[in-house]
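Along the sequence shown, the residues carry numbers beginning at 1.
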Amino acid sequence: MSDIPSGTTSGQIEFPEPTLIPVNNVVLEVFEAGRQNSGKPIILCHGFPEHAFSWRYQIPVLVAAGYHVIVPNQRGYGNSSCPTEVTDYDIKHLTADLVALLDYYGYKDATFVGHDWGANVVWNLALLYPERVNRIINLALPYQERGEQPWIELMEILFGEDFYFVHFNKQIGIADAIMNENVHRFLRNMFRKDMPPAPPAPGMLMINLARAEEPIGKPLMEDSELSVFVSAFESAGFTGAINWYRNLDQNWHLMADIKPLIHQPTLMIYGEQDTIPKSENLKNIVPNLDIVSLDCGHWIQQEKPTETNRSILKWLAQQNA
C-alpha cells in the first residue's frame, strides 16, 4: 500500500503489505508478519479512529519474540468492507469477523490484543467464543459492566445530549459529515499527547476536534505517520467507524444472557493520563488478571511503544513459562 511509509523516523520500522481476505461476508484488509512463526498467532485489534498502522511499533517486536502477527483493519476501516446497514457493525458481527479470521488461517485459538474499541471487541469475543481466545492483552478500555439501562439511555442521563456517544446515536450523520469534511484537522487534533488537564469544553467533542484551528498538547506522531490515518479515512470516511457506536444499545440487548466472567489469563494496560477511568471491579470479572499502568494518555502503544512492548513481552514470557 503505497501511502504507508516503509519506515518511520522512529527506528525505521517496516510495515507489512496488506492482503484482502474474505471472511464472514465482508473483506478485511489484513497486515501480517512472522508467518515463519506459524502456530503462535497473536491478533492485534485497533480502536477508534485508528488503523492497523497504530500497531506498527509492536509488530516487529512480537515477530522477533516468535509470534505470527495478524493485524486486521476491522470492518468500516481502511480498505476493509464498509457495509451500509448500521446493524452490520454490532458486537456479533465484529466478533464473528475475528473468529472467521482464525478459521482462515487454520487456528483453533489465539492471543488477542485490543486497544480502545478493539479492547471492547476482545472482551466480548472472550465471552461469546471463549474457546477461540487463549490469552487477552487489552489497552485503555477495561471491561464495561452491563447495567440496568441501555448504554445510550444511561449516557444521555449522565453526560447529556452533546456527549459524543449520544450525539452519534441521536443525530445520525451530523458528526460524520463534519469529520469527513475535516479529516486531516480532526485526526491531527485527535492524536495528541501530553495534554494539559482541562474540563471538557461545551459542545460535541468530535465536532469540536474537527473544527479546532489549533491543536492542544504535542503531536503523537510524525506527519508521515499521520498521513496513513488521514489517507485511510479520506478514502473510507468515518461513518463505518461511527456505526460501531450506533450499536451500543443493540449490543446491550445481544449480551443480556451472557454471564460476564472471563477466565483467560489477561493483561490490562492503562495510561495514567487517560480520560477513561480504571475499573475497580475488573478482577471480579477477570479473575486471572495482571495490571500495568504507564505514564501516558490514551494512545498507549503509540505514545509509549518501548514500555508497552516491554510490558507485553514480559507478561507473555511469564505465561509461556
Chemist: Could you pull out the closest heavy-atom pair between Ala52 and Pro72, with the gap in Å?
Modeler: CB-O, 4.1 Å
Chemist: Got a sec: does the CZ of Arg211 have more than 12 other heavy atoms crowding it under 6.0 Å?
Modeler: no
Chemist: I'd like to know whether the aromatic ring centres of Phe233 and Phe186 sit less than 6.0 Å apart in this structure.
Modeler: no
Chemist: Taking Lys304's backbone N and O only, do any of them form a donor-acceptor pair with Thr308's side chain (distance below 3.5 Å, no angle check)?
Modeler: yes
Chemist: Anything under 30° is parallel, anything over 60° is perpendicular, the rest tilted; go ahead and classify Tyr77 against Trp244.
Modeler: perpendicular
Chemist: Is there a donor-acceptor pair closer than 3.5 Å between any side-chain N or O of Asn180 and the backbone N or O of Gly237?
Modeler: no
Chemist: Could Glu272 and Lys278 be called an ion pair, given the rule that one side-chain N must be under 4.0 Å from one carboxylate O?
Modeler: yes
Chemist: Take atom NZ of Lys283 as the centre, draw a 6.0 Å sphere, and report whether it contains more than 12 heavy atoms from other residues, nucleotides or ligands.
Modeler: yes
Chemist: Identify whether the distance between the nearest side-chain nitrogen and carboxylate oxygen of Lys314 and Asp290 falls below 4.0 Å.
Modeler: no
Chemist: Do Gln302 and Glu225 have side-chain atoms, one donor and one acceptor, less than 3.5 Å apart?
Modeler: no
Chemist: Using the six-membered ring wherever Trp is involved, compare the ring planes of His51 and Phe31 and label them parallel, tilted or perpendicular (cut-offs 30° and 60°).
Modeler: tilted
Chemist: Using 30° and 60° as the class boundaries, would you call the ring planes of Phe159 and Phe163 parallel, tilted or perpendicular?
Modeler: tilted
Chemist: Can you confirm whether the side chains of His298 and Asp274 place a donor and an acceptor under 3.5 Å from each other?
Modeler: yes
Chemist: Aromatic rings Trp123 and Tyr143: how do their planes relate, parallel, tilted or perpendicular, breaks at 30° and 60°?
Modeler: perpendicular
